[in-house]
Amino acid sequence: MKKRVTMQDIADRLNISKNSVSQALRGKQGVSEETRQLIKRVAEEMGYQYPGPRKKKKQGKTGNIGLIASDLTFSFKNFFGEIYLSIEKEVIKRGMNLHIQSVNQEQKERLILPSFIENKLVDGILILSHISTEYINKVIATGIPTILVDHHHPNIQADAVLTNNRFGAYLAVQHLIELNHRDIAFVGNIDYSPSYEERYEGYLLALKDYGIKPNEHFIFKNAEEKEEVIFQYIRQLKKQPTAWFCANDGLGFLVNSCLQQQGIQVPEQASVCSYDNGQLSKIATPKTTTVDIDLELYGRRAVELLFWRMENKNEPFQEILLASKLIKRESTALAPKQS
């Protein structure tokens, strides 16, 4: 193997001090311009390699970051997949490695932690969505800095990055109200995560602010994301709402499809609005009006917060709330006139 040329080698060739070579090659004062140019020319002839910028010492001891989520969460590729890619990009940019593992039902119930957490082989942990409060608290009990992404709970003492679900849902329902809709349905499983419950709260808040009393027959708050379930719910309604607010794009896609299967035209007879601005809202016919979340920003802010927490372990916990915006598409229109 070829011996690496050092500053001392250049100094020996020119019969000058190593310090003079260092000053010349680093652009510092202390040598004449003529000597500087001579040193640079000889250094190039000898094949000297200039050192790159010094890498900052890795934040932490292992150089690794852990990312965990339930296997169900990882199955929602359109939403959490984009957040994961943003997290991976940001972690690598910071010179660290990312270890990923899903948590299945048995591991959740038995509180079995991934080995890289149990053995403290990571300097920080990101938890996507919810697993269970008990499980997350066991992760936190390891003492490894932990950030929640798209989840929080009063009994979990940890930093979190969230989207403003209440306000996002409010904007969506307000949009429907401004189109003269008064019979507005809600579809979502509010027990699945705090995010969906907050979207339900935003739906109720918008109705309240506009003096509209919620119709309990139009509230499907334990909805499964299955076509047969949504189809049956729509079919059994004695009166059809003129607008639907769905807790995510998957449910919005199903409502859109099932309405049309039952002869209800979207948006002429019923408007549909959903949440997340994922792929399903873009391929639906008609395309779905939805609430947009900046998923790339979601992941980036989560990593930023984790690296801050790793350096500031005793600071108070904080929640970062990201704003959402409404994307208006073809699935919403003025409410049909009552005959």
Side-chain angles (χ1 to χ4, degrees), residues 60 62-88 91 96-163 165 188-200 220-230 247-251 254 276 278 280 295 298-299 302-303 305-306 309 317:
T62 70
N64 300 317
I65 297 296
L67 173 65
I68 65 171
S70 70
D71 46 10
L72 177 62
T73 293
F74 275 130
S75 72
F76 295 126
K77 296 177 182 177
N78 285 332
F79 185 82
F80 290 107
E82 288 191 47
I83 297 176
Y84 152 68
L85 289 174
S86 175
I87 287 172
E88 181 182 52
V91 168
M96 298 186 80
N97 305 307
L98 186 64
H99 293 270
I100 307 158
Q101 186 167 319
S102 62
V103 177
N104 61 34
Q105 188 65 25
E106 181 186 2
Q107 290 167 329
K108 181 180 81 170
E109 291 174 355
R110 295 176 57 193
L111 301 179
I112 300 172
L113 300 182
S115 59
F116 58 72
I117 294 178
E118 193 74 60
N119 298 322
K120 297 190 176 182
L121 301 177
V122 292
D123 301 317
I125 301 164
L126 294 159
I127 301 179
L128 276 182
S129 193
H130 76 302
I131 301 174
S132 74
T133 298
E134 192 177 10
Y135 191 94
I136 291 172
N137 279 332
K138 184 170 182 183
V139 172
I140 293 169
T142 63
I144 303 171
T146 300
I147 306 296
L148 308 186
V149 185
D150 197 44
H151 182 68
H152 61 160
H153 189 278
N155 293 330
I156 298 175
Q157 298 299 303
D159 301 297
V161 179
L162 310 159
T163 184
N165 291 291
N189 182 359
I190 67 171
D191 292 327
Y192 171 71
S193 79
S195 294
Y196 290 174
E197 186 166 8
E198 289 160 9
R199 293 172 191 181
Y200 175 57
F220 190 15
K221 58 184 180 182
N222 60 343
E224 291 183 82
E225 204 167 317
K226 296 178 180 178
E227 184 176 20
E228 61 272 21
V229 172
I230 302 303
N248 66 23
D249 287 332
L251 288 166
L254 291 175
D276 291 340
L280 288 174
L295 300 178
Y298 222 149
V303 175
L305 183 56
L306 178 59
R309 174 55 65 190
F317 295 118

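Keep in mind that this is a model prediction, so the values were computed, not measured. Note that these values count all heavy atoms, side chains included, but never hydrogens, waters or copies made by symmetry.
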Within 6.0 angstrom of Lys221 NZ, more than 12 heavy atoms from elsewhere: no
Minimum-distance pair of heavy atoms, taken over all atoms of Val122 and His99: CG1-CD2, 4.3 Å
Nearest-0.5 Å distance that lies between atom CD1 in Ile136 and atom OG in Ser129: 8.5 Å
Under 3.5 Å: donor-acceptor pair, side chain of Asn64, backbone of Leu121: yes
Distance in Å, Thr133 OG1 paired with Ile156 CD1, rounded so as to fall on 0.5 Å steps: 4.0 Å
Plane angle bin for His130 and Tyr192 - parallel if under 30°, tilted between 30 and 60°, otherwise perpendicular: perpendicular
CD1-CD1 distance between Ile144 and Ile65, expressed to the nearest 0.5 angstrom: 10.0 Å
Spacing of Leu126 atom CG and Asp159 atom CG [to the nearest 0.5 Å]: 11.0 Å
Ile112 CD1 to Lys138 NZ distance, which is reported to the nearest 0.5 Å: 8.0 Å
Within-4.5 Å side-chain heavy-atom neighbours: Glu225 and Leu254: yes
Shortest non-hydrogen contact from Ala247 toward Gly188: CB-CA, 3.9 Å
Heavy-atom side-chain contact between His152 and Pro194 under 4.5 Å: yes
Closest non-hydrogen atom pair between Pro145 and Leu306, with its separation: O-CD1, 3.6 Å
Taking every non-hydrogen atom, the tightest pair across Ile230 and Glu224: CD1-O, 3.7 Å
Any side-chain heavy-atom pair of Glu88 and Val91 under 4.5 Å: no
Considering all heavy atoms, the nearest Arg309-Ile147 contact: CB-CD1, 4.3 Å
Residues Lys108 and Asp71 bridged, charged N to O under 4.0 Å: no
Heavy-atom check, side chain of Gln157 versus side chain of Ile140, under 4.5 Å: no
Shortest non-hydrogen separation from Leu251 to Ala223 and the atoms involved: CD2-CB, 4.5 Å
Nearest-0.5 Å distance that lies between atom CD in Gln107 and atom CD1 in Ile131: 9.5 Å
Donor-acceptor pair, side chain of Asp123 and main chain of Gly63, under 3.5 angstrom: yes
Expected output: side-chain Asn137 to main-chain Asn155 donor-acceptor under 3.5 Å: yes
Verdict with reasoning, Tyr84 to Thr73, per side-chain contact (heavy atoms from CB on, under 4.5 Å): CA-CA 11 Å; Tyr84 152 68; Thr73 293; over 6 Å; no
Backbone of Glu198 reached by a side-chain donor or acceptor of Asn165 within 3.5 Å: no
Side chain proximity check, Phe116 to Thr62, heavy atoms < 4.5 angstrom: no
Ile68 vs Val139 side-chain heavy atoms within contact, under 4.5 Å: yes
Side chain Tyr298, main chain Thr163, donor-acceptor under 3.5 Å: yes
Min side-chain heavy-atom separation Gln101-Ile117 under 4.5 Å: no
Heavy-atom check, side chain of Leu113 versus side chain of Tyr135, under 4.5 Å: yes
